[in-house]
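Just follow the structure's listing: the first ligand is 1, and inside any ligand the first atom is 1. We count residues from 1, following the sequence as given. Keep in mind that what you see is a predicted model, and the values were worked out from it rather than measured.
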Amino acid sequence: MITIGVLALQGDFEAHRNILEAQGVRVIKVRDAQSLQECDGLIIPGGESTVMSQLCERYGLWEPLQARLAAGMAAFGTCAGMILLAKGISGASRNFEQQTLGALDIDVARNAYGAQVDSFEADIEVPPVEAGESAEPLRAVFIRAPQIVRCGEAIEVLARHGDQPVVVRQGKLMASSFHPEISGDARLHQLWLKGVEKESGSEIG
Ligand code: GLN
């Protein structure tokens, strides 16, 4: 059985945990370097990217995280989690000295859809988890969401909102601008887990 960690320093990690547990994987909360070492893959939830990166530093997680990602650990970042995984944060939206893990070859602009009051929901077309399955649109919740402003060559765009890429994948790394866990729709988690399972060679459940 594969073990999936949910970075549980700040943000809405419980909703991710609930979705993952329903998929039959072992789920652990990651708050230190030791628990990170047990994970086959890691969810980095939404929240506040500046706070999350500061807490990672404080709990001695930043360098181990970078090292595991560089060694090919799977990760799925949602909203603030996407910001943390990105290569870069576009100038004006970057907080002073804000760093990223740099694993996913995208650049993002923070808060590009506006402030909290501009939060919105939209129906997004997503690829089916299994080929041939019908794909109902997924209800996506955007809360002070980042926009992807650059995609590197290795990036596969899995979903868009208008012209804007909102779900991207690069091998075992996936990220969404919005919160897929809030609506309780498990499909993006399932899509990511399928890739993790394929590459790790172990079975889910
Ligand atoms: N605006 C937040 C940030 O920059 C992300 C918001 C979210 O995760 N819902 O970190």
Side-chain angles (χ1 to χ4, degrees), residues 4-20 29-31 41-59 61-62 65-66 69 75-124 126 138-151 158-162 164-170 173-189 191-192:
I4 300 296
V6 183
L7 187 66
L9 299 175
Q10 191 260 344
D12 69 335
F13 49 85
E14 289 293 353
H16 281 289
R17 192 165 74 136
N18 294 340
I19 289 193
L20 287 168
K29 288 186 189 173
V30 170
R31 293 198 171 112
L42 181 72
I43 298 256
I44 308 183
E48 181 58 42
S49 57
T50 49
V51 176
M52 248 191 274
S53 58
Q54 282 161 11
L55 290 174
C56 282
E57 285 279 9
R58 190 178 306 163
Y59 290 94
L61 259 171
W62 191 260
L65 260 176
Q66 274 186 318
L69 288 167
F76 180 20
T78 61
C79 204
M82 178 170 93
I83 299 170
L84 286 188
L85 283 178
K87 271 253 140 77
I89 302 177
S90 83
S93 71
R94 185 169 178 270
N95 209 44
F96 180 61
E97 286 190 345
Q98 184 171 1
Q99 50 181 350
T100 64
L101 294 162
L104 190 61
D105 193 11
I106 56 170
D107 293 337
V108 296
R110 296 178 60 215
N111 305 320
Y113 290 97
Q116 189 82 19
V117 290
D118 302 310
S119 299
F120 65 99
E121 295 185 15
D123 285 333
I124 304 284
V126 293
L138 180 139
R139 193 77 183 153
V141 183
F142 292 77
I143 304 169
R144 289 189 307 117
Q147 275 182 359
I148 298 167
V149 294
R150 184 193 63 83
C151 286
L158 297 183
R160 293 176 190 272
H161 175 247
Q164 186 62 44
V166 290
V167 184
V168 291
R169 182 164 63 184
Q170 177 189 321
L173 301 176
M174 218 169 105
S176 65
S177 299
F178 55 85
H179 290 257
E181 74 289 358
I182 288 181
S183 58
D185 193 318
R187 283 177 290 163
L188 288 188
H189 293 75
L191 208 57
W192 175 66

- Message: Taking the side chain as everything from C-beta on, heavy atoms only, tell me whether L191 gets closer than 4.5 Å to R169.
- Response: yes
- Can you tell me how far CG of D12 sits from CD1 of I182, rounded to the nearest 0.5 angstrom? 5.5 Å
- Electrostatic pair D105:R150 at N-O distance under 4.0 angstrom: yes
Donor-acceptor pairs under 3.5 angstrom involving side-chain atoms of residues 78-89: please list them, not counting sequence neighbours.
| unit_1 | atom_1 | unit_2 | atom_2 | d |
| --- | --- | --- | --- | --- |
| T78 | OG1 | H16 | NE2 | 3.2 |
| T78 | OG1 | G46 | N | 3.3 |

- Query: Can we say R17 and E181 salt-bridge, meaning some charged N sits less than 4.0 Å from an Asp/Glu carboxylate O?
  - Reply: no
- Task: Taking only heavy atoms of the protein into account, state which residues are under 4.0 angstrom from an atom of ligand 1, in chain and number order.
- Result: G46, G47, E48, S49, C79, A80, I83, R110, N111, I143, R144, H179
- Item | Modelled atom types, side-chain donor and acceptor of Q98 and S49, under 3.5 Å | yes
